[in-house]
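Only one structure is covered here, and it is reproduced in the block below.
Ligands are counted one by one from 1 in listed order, and the atoms in each one are counted from 1 as well.
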Amino acid sequence: MGHAGMDTDVLIAGAGPTGLMLACELRLAGADVVVAEQLPERTGESRAGGLHSRTLEVLDQRGVVDRFLAAGDLTPVGHFSGLWLDFDEFQSRHPLPLMILQSTIERLLEEWAAELGVRIRWSSEVTGLRQDEAGVTVELRTAERASTSLRARYLVGCDGGRSSVRRLSGVDFPGTPATMTALLGDVEIPDLPEDFIFMRRCPGGHFSALALEPGVHRVITSEYDRVADRDASVTFEQLRESLVRLAGTDYGMRNPRWISRFGDAARQAAKYREGRVLLAGDAAHIHYPAGGQGLNIGVQDAVNLGWKLAAVVRGRAPESLLDTYHTERHPVGERLLHNTRAQSALARPGAEMDALREVFGSLMVFDDVNRYLRDMITALDIRYAVDDDHPLAGRRVPDADLKTPEGAISVYELLHTAHPVLLDLSGGAGTTAAVAEGWADRVDLVEARSQDDHWPVPAVGDVPAPSALLIRPDGHVAWAADSGALDASALRTALTIWFGPALRR
Ligand SMILES: Cc1cc2nc3c(=O)[nH]c(=O)nc-3n(C[C@H](O)[C@H](O)[C@H](O)COP(=O)(O)OP(=O)(O)OC[C@H]3O[C@@H](n4cnc5c(N)ncnc54)[C@H](O)[C@@H]3O)c2cc1C
């Protein structure tokens, strides 16, 4: 029991990728966590099929990326509305998208969560909640359809696009309705002439057939200006009829393993925090899945929230730190909706759109355009508003190679413990050690030298290696200084804002 009268510090609704990542982050930072998942067990279904650069980086920051790399395939391309983006020469140790099924991502996250001591309650659907000054009482419906309740200091809704937690906490979900319907089926097609049909355009929309394994394809049909009732059932027959309308044939598809439907409705929670209730992942934002971003952004929401929520429940930071979760992540979600709306619009059928796509595609040949879109889709260009105008401030720290008296180490290796790091690269010229004393219980002070004079930073270019950096557990730079310019008072302010007041001597 984390606190008097509490069953846990944090209850997470939903054991999808967002909920699992958040649970791991909370455990790493020393918070007690329970995950309540309505399903009795995993379905093995996979909507998502890929991880982007920034997500691979955050997994690397925790020392678990190799598990994911071993279970997927790196690919040199991504796309914007089906128009190819080039992923060469990229300022990251993980430049290429990793093709990996969502079911595998969930299995690997669940294994890691188990190692960290996360408790998952299966067959436990959140059906009610009541907040008071000290915590949240959460009603759960269990397998026997019995009701039980759990008390937690905070509740995080990671319960997907139709989030009960969002509805029960009264948070609005404004946005734009669907303009199209997509049907998806994992089906057998023994003799498809091509293994890879991607967004083939036709009068009513477009279709794809992507090989999953020999003889098995994921067929996706997208029809515009046909919006299905979101609660209506989805059948194999509907998928077949849709494919025939678009492609003129059903390619002999048979034996569906999984059929699903999605659209391009784009909605976002008006608030990511309502008192002791927070929202993350699809519970906070839904959108057209173009560019494969939703799961990635959900995992990154979790990494932004985890250390903050853990610091608050452990009494190391004021509650107001949680508001920065909304101020930092809501704009990221807003941009996600924006770029996926643009991708859905660009995918509409018609001669005018064919022409617009051709123009757009010819612009993407220019390096700057390619880079701009790639940095957005991979989320490597995100900059949070921190009170410091150094070019690195607010951005994700590059995984630079360092030298310490003990040997070589990279910046991300320093983040494996999920502690904040004050990195002094000045070779003893700085005054960081004296300042850091006040935060010695919370912030790791590391003295090292950068192996490179310049660090590559997406959306910025090369910047001179700084002389000191304060890195948050999520890998974003809270404060940075160049040689000769260390301002101890600015460092003290940044330490206090992000990690609470200094220890009393
Ligand atoms: C066709 C398609 C392709 C996609 N491809 C990609 C891709 O390549 N890359 C990418 O990044 N994203 C992709 N996405 C999006 C991605 O699948 C989602 O963004 C991702 O699953 C969101 O994760 P989540 O954990 O937030 O929510 P979910 O995965 O929806 O998980 C929510 C969990 O909460 C549980 N739950 C729901 N209600 C309750 C309740 N009341 N109580 C307890 N538990 C509850 C659910 O059972 C579920 O396990 C794709 C989506 C689609 C439709």
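- The side-chain tip of Arg47 does not point at the ring of Phe262 from less than 6.0 angstrom away and within 45° of straight on.
- Proximity of Ser164 to ligand 1, defined as any heavy-atom pair under 4.0 Å, is confined to the side chain (atoms from C-beta onward).
- The neighbour count for His338 NE2, taken as heavy atoms of other residues, nucleotides or ligands under 6.0 Å away, does not exceed 12.
- Because its NZ or CZ atom is not both nearer than 6.0 Å to the ring centre of Tyr272 and within 45° of the ring axis, Arg329 does not count as a cation-pi partner of that residue.
- For the side chain to side chain contact (heavy atoms under 4.5 Å, CB included) with Ile12, the qualifying choice from Leu155, Leu278, Leu26, Val34 is Leu26, the only one to do so.
- Separation of atoms OG (Ser164) and CZ (Arg141) is listed at 9.0 Å; rounding is to 0.5 Å.
- Regarding atom 21 (O) of ligand 1, its nearest protein heavy-atom neighbour is Gln102 NE2, 2.8 Å.
- Contact annotation: for Leu39 versus ligand 1, heavy atoms closer than 4.0 Å belong to the side chain alone.
- Between Arg162 and Asp231 there is a salt bridge, since at least one side-chain N of the basic residue sits less than 4.0 Å from a carboxylate O of the acidic one.
- With respect to atom 5 (N) of ligand 1, the closest heavy atom belonging to the protein is Ala48 CA, 3.2 Å.
- Close approach of ligand 1 to Gly14 is summarised as follows: ligand atoms under 4.0 Å from at least one heavy atom of the residue are 33 (C), 34 (O), 35 (C), 44 (N).
- The residues Asp7 and Arg153 are annotated as not salt-bridged, no charged nitrogen and carboxylate oxygen being separated by less than 4.0 angstrom.
- At the shortest separation from atom 27 (O) of ligand 1 among protein heavy atoms lies Gly160 CA, 3.8 Å.
- Within a 6.0 Å radius of CZ in Phe198, other residues, nucleotides and ligands contribute more than 12 heavy atoms.
- The closest approach between any non-hydrogen atom of Ser124 and ligand 1 is below 4.0 Å.
- Shortest contact from atom 49 (O) of ligand 1 to any protein heavy atom: Glu37 OE1, 2.6 Å.
- In this structure, Tyr224 and His206 have tilted ring planes: the angle between them lies in the 30° to 60° band.
- Summary of contacts: the protein heavy atom closest to atom 15 (C) of ligand 1 is Leu295 N, 4.0 Å.
- Of the polar atoms of Phe262, none of the N or O atoms is found under 3.5 Å from an N or O of ligand 1, judged by distance alone.
- Using a cut-off of 4.0 Å between Lys/Arg side-chain N and Asp/Glu carboxylate O, Asp354 and Arg357 are scored as not salt-bridged.
- When the shell of 6.0 Å around CG of Asp367 is examined, it contains 12 or fewer heavy atoms from other residues, nucleotides or ligands.
- Numbered from 1 in the order shown, with element, the atoms of ligand 1 that lie under 4.0 Å from a heavy atom of Gly281 read 26 (O).
- Residue Gly50 approaches ligand 1 through these ligand atoms, each under 4.0 Å from one of its heavy atoms: 8 (O), 9 (N).
- In this structure, the protein non-hydrogen atom closest to atom 50 (C) of ligand 1 is Pro289 CB, 3.7 Å.
- Any N or O atom pair closer than 3.5 Å counts here, and Glu106 shares no such pair with ligand 1.
- Between Leu184 and ligand 1, no N or O atom pair is found at a separation short of 3.5 Å.
- Between Glu37 and Arg121 there is no salt bridge, since none of the side-chain N atoms of the basic residue sits less than 4.0 Å from a carboxylate O of the acidic one.
- Contacts between Cys158 and ligand 1 below 4.0 angstrom, taking non-hydrogen atoms only, involve the backbone exclusively.
- Distances between N or O atoms of Pro17 and those of ligand 1 include at least one value under 3.5 Å.
- For atom 26 (O) of ligand 1, the nearest protein heavy atom (residue, atom name, distance) is Thr18 OG1, 2.8 Å.
- Contacts of Ala36 with ligand 1, taken as heavy-atom pairs under 4.0 Å, involve the backbone alone.
- By the 3.5 Å distance cut-off applied to N or O atoms, Glu125 is not counted among the residues near ligand 1.
- In terms of protein heavy-atom proximity, atom 28 (P) of ligand 1 is closest to Arg47 NH2, 3.4 Å.
- Side-chain contact check for Ser123 and Thr142: no donor-acceptor pair (N or O, by modelled atom type) lies under 3.5 Å.
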